[in-house]
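First up is the structure itself, then whatever we jot down about it.
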There are 2 protein chains.
Amino acid sequence: MAQERPLPSVVQRMWGREPVSRRGPRPRLDLATITDAAIGIADAQGLAGVSMAAVASRVGVAATALYRYVDSKEDLLTAMADGVVPPPPEPDGTPWRDYLARWTRIQRDLLLEHAWLLSVARLVPPLGPRRLLWLDRALTALDGTGLDPGEKINVVTSLTGYALTDAALVHGLTGGDPQMEGAAISGAADYGEVLAGLVDPETYPSLTAVMSTGVLGGAEGWVDDGDFTFGLDLLLDGVEALIGRKG
Amino acid sequence: MAQERPLPSVVQRMWGREPVSRRGPRPRLDLATITDAAIGIADAQGLAGVSMAAVASRVGVAATALYRYVDSKEDLLTAMADGVVPPPPEPDGTPWRDYLARWTRIQRDLLLEHAWLLSVARLVPPLGPRRLLWLDRALTALDGTGLDPGEKINVVTSLTGYALTDAALVHGLTGGDPQMEGAAISGAADYGEVLAGLVDPETYPSLTAVMSTGVLGGAEGWVDDGDFTFGLDLLLDGVEALIGRKG
DNA sequence: ACCTGAACACCGTTCAAGT
DNA sequence: ACCTGAACACCGTTCAAGT
């Protein structure tokens with residue numbers, strides 16, 4: 001029924017299971033070295049700078065040598081997406097709401113710091129050791145809430161998604177320039193002004209009404225930190241209501 | 001202060017503002033024709049099949065002729081992301097919660113039908129006529145709830161994000177095979193089994209506990225429709241609580 | 001003004017050959 | 001077993017030349 005597409009071998013290597021080689025010369029590289037080099041390039045020049053040749057030259061081998069460690073460039077991107085992730089904060093008995101708010105915010109900030117992540121398709125489901133550690137700690141924070149396992153998973157998934165969407169939105173509005181966060185859309189005009197030049201009031205009545213209030217404008221608009229907190233609280237209120245129903 | 005990066009000219013064209021040309025031969029194409037051809041290829045072969053040459057050959061011109069209509073391939077992707085979107089359902093006085101639930105579900109289904117959308121970076125903020133129509137109707141549905149404009153925008157943003165995350169997750173778990181939705185992860189083993197082979201219980205205690213309940217398994221797991229509804233209700237409960245506080 | 005065709009500077013990936 | 005170097009089949013984009 002299910003087609004036989006085995007897990008990419010890069011996943012095994014992400015878990016430190018490099019194959020034991022008895023014959024031949026010792027490997028000069030490992031996956032982590034390659035991944036770190038690729039991440040460095042992506043941080044500096046974006047995903048467009050990450051060619052197999054560029055990564056290879058950074059670690060001092062020929063481009064084709066990388067294929068001893070990853071089956072394809074897509075696998076390299078998968079490994080990068082796990083490799084950028086730092087260890088999660090430890091719950092240590094923090095109230096679930098405080099912990100998950102912090103957990104979500106750090107994830108969003110990470111996405112903005114490494115905006116190329118927003119263009120990596122295979123972020124979900126998590127398969128690498130670092131992303132799964134984040135999942136584990138979020139589940140830990142929900143211990144004692146009375147939620148069943150399926151509910152916990154759904155809560156965590158929703159929060160991950162919120163971090164991702166918010167980061168994508170902020171990135172889109174600021175043009176990816178970190179200096180501009182909280183300011184205007186890239187270019188001379190801000191988002192509200194741009195829309196005003198495009199939208200006609202009869203076809204887009206509600207949007208026109210909202211635009212006229214200025215909330216889509218620059219610094220006071222969609223992008224600032226208050227909006228992140230607002231949407232996050234919306235979600236956490238939903239979770240709290242669910243927990244209340246259980247108790 | 002803000003760098004002068006004007007709106008891409010493709011945005012103007014997405015709004016039907018093709019330049020009026022007085023001299024020279026009449027254009028043989030327009031942006032919509034090109035966009036539709038590109039969408040057809042993406043639906044059939046994925047984003048990898050969408051090369052400028054392939055799109056051009058489908059509409060019967062040389063690859064380089066496309067640059068009369070888009071400044072770059074990235075602009076073409078932007079136009080595609082608006083072009084696939086159908087008109088939204090009309091609110092027509094539907095209760096806000098019913099309307100937004102339907103609105104979010106249709107968006108998620110669209111993302112799964114055209115999974116290549118998940119790899120198009122510039123989905124947000126919406127700038128095209130079709131995506132902005134969806135935004136407008138969601139705002140309309142929230143009329144009479146007492147929410148202020150900023151709150152409405154935040155609610156709608158959160159719902160868009162939820163649709164996107166859920167679609168990305170389902171796509172990731174099913175390997176993009178639409179037949180497999182609700183079934184197992186691509187490959188022989190399902191997600192739960194895969195994790196069981198990777199994770200050690202001491203480093204990932206809560207994940208191990210959740211895994212042992214089987215909720216991460218195939219059909220009953222993360223992917224089925226009940227989970228989508230569950231997370232959506234979580235969000236809508238938060239919105240309802242907010243509206244209640246206002247009333 | 002629109003489109004073509006040649007050309008440029010790249011890509012990711014394969015494969016046989018060296019060690 | 002690991003790495004190299006040549007080679008293959010592409011890319012997106014430019015630019016001068018045609019109409």
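Labels below follow one simple rule: chain letters A, B, ... track the order of the sequence lines, proteins then strands, and each chain is numbered from 1.
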When you measure from the centre of the six-membered ring of B:Phe228, is the NZ or CZ of B:Arg105 under 6.0 Å away and within 45° of the axis? no

Starting at the 5' end of DNA chain D, which residue's closest nucleotide do you reach first, B:Ser72 or A:Gly24? A:Gly24

With distance as the sole test, does A:Trp103 use its side chain to make a donor-acceptor pair with the main-chain N or O of A:Leu135 at under 3.5 Å? no

Using Watson-Crick or G-U wobble geometry with both distances under 3.5 Å, which nucleotide pairs with D:dC11? none

May I ask you to say what B:Pro27 touches in the nucleic acid, namely base, sugar-phosphate or nothing, with a heavy-atom cut-off under 4.0 Å? sugar-phosphate

Any strand counts, and the cut-off is 3.5 Å on both contacts for Watson-Crick or G-U wobble. Which nucleotide pairs with D:dA17? none

Write down the distance between CG (B:Leu76) and C1' (D:dC11), rounded to a whole number of angstrom. 15 Å

Provide, to the nearest angstrom, the distance between the CG atom belonging to B:Leu47 and the C1' atom belonging to D:dG12. 14 Å

For A:Glu18 and D:dA1, what is the distance between atoms CD and P respectively, to the nearest whole Å? 16 Å

Checking salt bridge (charged side-chain N to carboxylate O under 4.0 Å, His left out) between B:Glu18 and each of B:Arg26, B:Arg13, B:Arg68, which is the one that passes? B:Arg13

Starting at CD of A:Glu74 and ending at P of C:dG12, how long is that distance when rounded to a whole Å? 13 Å

Find the distance B:Asp30:CG to C:dC3:P and express it as a whole number of Å. 11 Å

Partner nucleotide, any strand, of C:dC3 [Watson-Crick/G-U, under 3.5 Å]: none

Spacing between A:Arg28 atom CZ and C:dT19 atom P, to the nearest angstrom: 14 Å

Check whether B:Arg131 reaches the backbone of B:Pro126 with its side chain - one donor and one acceptor, N or O, closer than 3.5 Å. no

Identify, residue by residue, the members of residues 52-71 of chain A with a heavy atom below 4.0 Å from DNA chain C, and return them in order of residue number, or none. A:Met52, A:Thr64, A:Tyr67

In this structure, how many angstroms lie between the C1' atom of D:dC3 and the CZ atom of A:Arg26, rounded? 16 Å

Determine whether a donor-acceptor pair (N or O, by modelled atom type, separation under 3.5 Å) exists between the side chain of B:Thr35 and the backbone of B:Leu31. yes

Residue pairs passing the side chain to side chain donor-acceptor pair (under 3.5 Å) test with at least one member in residues 71-86 of chain A, sequence neighbours excluded, are A:Ser9-A:Asp71

For the backbone of A:Gln45 and the side chain of A:Trp116, can you confirm whether one donor and one acceptor N or O come within less than 3.5 Å of each other? no

Whole-Å distance between C:dC11 C1' and A:Leu77 CG? 14 Å

